[in-house]
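Below: the structure, in C-alpha cells.
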Amino acid sequence: MDKPTLPKGTRDFGPATMAKRQFILDNIRKVFQKYGFMPLETPAMENLTTLTGKYGEEGDQLLFKILNSGDYLKNADATKLETRNSKQLTFDISEKGLRYDLTVPFARYVVMNRNEVAFPFKRCQIQPVWRADRPQKGRYREFYQCDADVVGTDSLICEAEIILMIREVFKGLGITDYTIKINHRGILNGIAEAIGAAGNETPMFVAIDKLDKIGEEKVKEELREKNFSENALTKLFQLLNVKGSNTNKLAVLFKEFETIASGQKGLRDLRLVFDFLRDYGSDESNVELDVALARGLSYYTGCIFEVKINNVSIGSVSGGGRYDNLTKAFGDKENLSGVGFSFGVDRIYDAMEELNLFPKDAQVSSKVLICYFDDESFRYGLGVLSKLRQAGIASEIYPDLSKIKKQLDFANKKMIPFTIVIGSEEVSTGALAFKNMTNGEQQKLTIDQIIKQF
RNA sequence: GUGGAUGUAGCUCAGUUGGUUAGAGCACCAGAUUGUGAUUCUGGGGGUCGUGGGUUCGAGCCCCAUCUUUCACCCCA
C-alpha cells in the first residue's frame, strides 16, 4: 500500500490550525451579522449551465467538472471522441461542476426564490470554493470565501458599508497596515473613451491592472502590441498618474470626463460613497481611489474593490464590486442590481501568520486538566470534573492511570494552563492541589475556591 | 494551460569526483526521580533517500518518466 497523499492544492487543517482559522471566521461572521446579513448555504456542486459563461473564458477553464455517473460515454459525440476534442467533449460527459465562487450560486438562489425573499436581500455565505488553478503560495485549489452581498437596491450605502465592514473585521483581527483599493467600471470606461480606445476596453483593463506589479514601461509595451497609439498611451498615463488625495483625483478626472457619461456616473458614485462614510461618522482612512484597479471578473459593472495587506507576500485578501446584470444571466425578467465582496480566509491566515498576529491563547483547548495518582483519586476526580463543567469551565481528565510526569507533559503539550493534582491526601481532606502550568505555582484549594479563580 | 526550481528521520538540514552497515540538532519513548512538567544526565526507537524505470561491478549522488511543493507567466481569494 502506497503512502496516502492529498490532491494538489488541498490541505488538512489540524487542531492548532483550526483554532486560528476559527478565530478569523468567528470575527467575520460576527461583523456580517452585526450589519444585518442573513446566512445562506448552497451545494458544493452546481449545474455546469449555471456556472459557465459567468467568469469569462479564463474562468470557465478553471472550473472543476464532475464526470457524469454511470455510463458517461453514452452521450459522447463519436467524432469528438475520435478527434480527441476534449474541450467540446466535456459537456457531453459532464453536466455538473464545483462552485467557483459564492456570488454566482447566490444569484442563482435569488432567481429561484424570487417570491420568498424580501428585497433588498442581504445575505452572507461562508463556504469553500474550488478552482482548477495551478497552486502557488497563497493560492489553493480549495479555499474558503466569506461573502456578503446585497441584491435588489442601487443604493451606494451598500458600497460604503462594505468599506466599514472590512475595517471592522481587520480591526478585530489586529491587522492595521492595509489598503482598500476602490475604483469604478464607469471610470475605466470613461478613460477608454477619453483616450480614444472605446471598444478596446478589455485588453486595456487587463494591462493596467498589472501596473503596480510590472511598472509603467511593461504596461505600455503590452498595450503597443495591442495596437494602442502613442497618443492614447500618453493620455492614458496622464490619467493614471494623477496623485494626491481621493478628492483631488476625483476633481482632475471630473474635468476630463466633461462629455463622457459613463465616466461622470462613476465619479458621482464614488463621491457619494465617500459622502456616506462621512455622514456615518467615519472617513476615508485606508481607502485609496486607484484608477488602475480593474479586476478580471467580467460581471462587475459599478464600484470595484480590492484589499491588500501591506508588507506581506500574499495577493489580495478581499475583493468585490457591483454587478447589475447577474440575475438576468439566469433568465430573470426584471433585472436586479447587486453588490458584494468576499474575504479570502486562507490568505488572511497566511498573512497573519507572516505578521505574527495570532493571539497566543487562540490555541487553548481545555482550561483545566485533572491529574491523579491512583484509581481512588481518579474516581474522586470525576466528581471534581463534573463540578468544573457545571461551572462552565472547559476541562478534562487524563483517561489512563499513568505517571504524573506523563500527565503534566500532556497538559503542556495541549497548552492547558491549569492542572488539579489529586492523590489520597486530597481525597481525604478535599483540599486540591491547583497548579498554574505557566509559572509552576501550586496552592491547596477546595473545588469551590478553584471555580472562583475563573 | 506554458516555462524554471525542489524533494534525505515527525521538523530543520549535512551527506566529498558515484564506493561497504546514510548522519547531526531538535522532537519522540524509557530510566535516573515509588506525590509533581517545560532544566540536567543516561539509554532507546525511527529513513525501501518522493515514486517508478534506466545506466553501472556498485546510485542518496548520473539519465528518463511521474507526483508534491515552490517561482514566473496567465488569472485570482
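In the text below, chain A, chain B and the rest are named by the order of the sequence lines, each starting its count at 1.
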Verify the contact: side-chain N or O of [X] to OP1 or OP2 of [N], cut-off strictly under 4.0 Å; return yes or no.
X	N	result
A:Q136	B:A72	yes
A:K403	B:G31	yes
A:K8	B:U68	yes
A:K213	B:C73	yes

### Query
Does the aromatic ring of A:F373 sit over the six-membered base ring of B:G35, closer than 5.5 Å centre to centre and tilted less than 30°?
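Whether judged by distance or by angle, A:F373 falls short somewhere, so it does not stack on the base of B:G35.
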Nucleotide N/O of nucleotides 27-29 of chain B paired with protein N/O under 3.5 Å:
none

### Query
Are A:D101 and A:R131 ion-paired here, with the side-chain N under 4.0 Å from a carboxylate O?
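A:R131 and A:D101: not salt-bridged.
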### Task
Assess whether atom CZ of A:R379 is packed by more than 12 heavy atoms of other residues, nucleotides or ligands within 6.0 Å.
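No, because the 6.0 Å sphere around CZ of A:R379 holds 12 heavy atoms or fewer from other groups.
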### Query
Above 12 or not: heavy atoms from other molecules or residues under 6.0 Å from CZ of A:F454?
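Check passes, neighbour count above 12.
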Are [X] and [Y] close enough that a side-chain donor and a side-chain acceptor fall under 3.5 Å?
X	Y	result
A:T42	A:Q125	yes
A:N325	A:T301	no
A:R11	A:T17	no

What is the nucleic acid contact for [X], judged by heavy atoms within less than 4.0 Å: base, sugar-phosphate only, or nothing?
X	value
A:K210	sugar-phosphate
A:G320	nothing
A:Y140	base
A:E425	base
A:S342	nothing

